[in-house]
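Below: the structure, in structure tokens.
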Amino acid sequence: MKTAVYRKEHFNAAHRLYNPNWSFEENEAYFGKCNNPNFHGHNYELIVKVIGETDPATGYVVDMKWLSKLIKEKVLVKFDHKNLNLDTEEFATLNPTAENIARIIWELLRSDIDAKYDLKVLLYETDRNYVEYPCE
Ligand code: NI
């Protein structure tokens, strides 16, 4: 039987949602206030879920101190207090929606977490809007 462990982290970031292939009016109609050319910010809540067998030697699935440090080094350093569109290579040409941010975070973490573990990323853009990646 497997167990899931969850590490919750937090970052603040600014973004603008738009499709560069659309006119300003088309972007405004679809993305609304999120298309504000001068950007807007969110307090993102990030939950990283690791699923695996509990190690009988430690009683842990993974060491949460290690997981927290990994998230800080691979994700928070890049995105916290940044303008995602302007300050990050990941979103220079990729629309920084919650869906895309969650996928990028998963990609940033996956190679550092042993393949024997399943990994999921939940990202709350607001209290009411959140995404999960990957999701079957
Ligand atoms: Ni937004």
Side-chain angles (χ1 to χ4, degrees):
M1 293 292 270
K2 293 184 175 180
T3 298
V5 298
Y6 301 78
R7 177 68 194 183
K8 190 174 182 182
E9 298 285 351
H10 177 84
F11 63 96
N12 304 311
H15 72 172
R16 176 192 179 190
L17 302 183
Y18 70 105
N19 182 329
N21 300 316
W22 296 354
S23 70
F24 184 84
E25 289 70 26
E26 287 171 317
N27 276 296
E28 194 80 351
Y30 192 79
F31 293 112
K33 289 191 288 188
C34 292
N35 178 47
N36 174 20
N38 291 329
F39 308 98
H40 65 278
H42 291 283
N43 296 310
Y44 289 97
E45 294 290 346
L46 167 63
I47 297 171
V48 174
K49 177 180 183 182
V50 179
I51 306 151
E53 304 281 350
T54 300
D55 182 340
T58 62
Y60 288 170
V61 175
V62 295
D63 181 345
M64 297 301 261
K65 294 187 298 295
W66 168 82
L67 182 60
S68 173
K69 186 164 175 276
L70 180 69
I71 298 166
K72 286 189 175 76
E73 290 175 357
K74 300 300 285 279
V75 178
L76 303 188
V77 166
K78 270 181 182 283
F79 298 154
D80 188 32
H81 285 72
K82 298 292 173 61
N83 180 312
L84 297 176
N85 303 79
L86 300 182
D87 297 334
T88 75
E89 60 186 25
E90 287 80 4
F91 300 105
T93 60
L94 178 66
N95 206 16
T97 59
E99 290 88 334
N100 282 334
I101 299 168
R103 180 171 55 80
I104 292 292
I105 289 172
W106 184 90
E107 289 171 0
L108 289 169
L109 294 171
R110 180 67 272 191
S111 62
D112 283 279
I113 296 173
D114 193 295
K116 70 183 179 184
Y117 299 108
D118 286 324
L119 175 66
K120 289 187 182 292
V121 168
L122 287 91
L123 184 71
Y124 283 72
E125 191 169 76
T126 70
D127 287 343
R128 295 168 188 271
N129 293 342
Y130 60 99
V131 303
E132 177 180 6
Y133 182 87
C135 181
E136 291 82 20

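Note that these values count all heavy atoms, side chains included, but never hydrogens, waters or copies made by symmetry. Numbering of ligands and ligand atoms starts at 1, following listing order.
Under the 4.0 Å criterion applied to side-chain N and carboxylate O atoms, Asp114 and Lys116 are not assigned as salt-bridge partners.
With sequence neighbours excluded, the residues that form a side chain to side chain contact (heavy atoms under 4.5 Å, CB included) with Glu73 are Lys69. Remark: Phe31 pairs with Leu17, Trp22, Asn27, Cys34, Asn35, Asn95 by the side chain to side chain contact (heavy atoms under 4.5 Å, CB included) rule, at least two apart or across chains.
Hydrophobic cluster membership for Phe39: Leu86 (Ile, Leu, Val, Met, Phe, Trp, Tyr linked by side-chain heavy atoms under 4.5 Å, directly or transitively).
Note on ring orientation: taking the six-membered ring where Trp is involved, the planes of Phe11 and Tyr44 are parallel (angle under 30°, cut-offs 30° and 60°).
Taken from OH in Tyr60 to CG in Asp55, the straight-line distance is 11.0 Å, to the nearest 0.5 Å.
At a cut-off of 2.8 Å, measuring from the Ni ion (ligand 1), the protein N, O or S atoms that fall short of it are His15 NE2, His40 NE2, His42 NE2, waters left aside.
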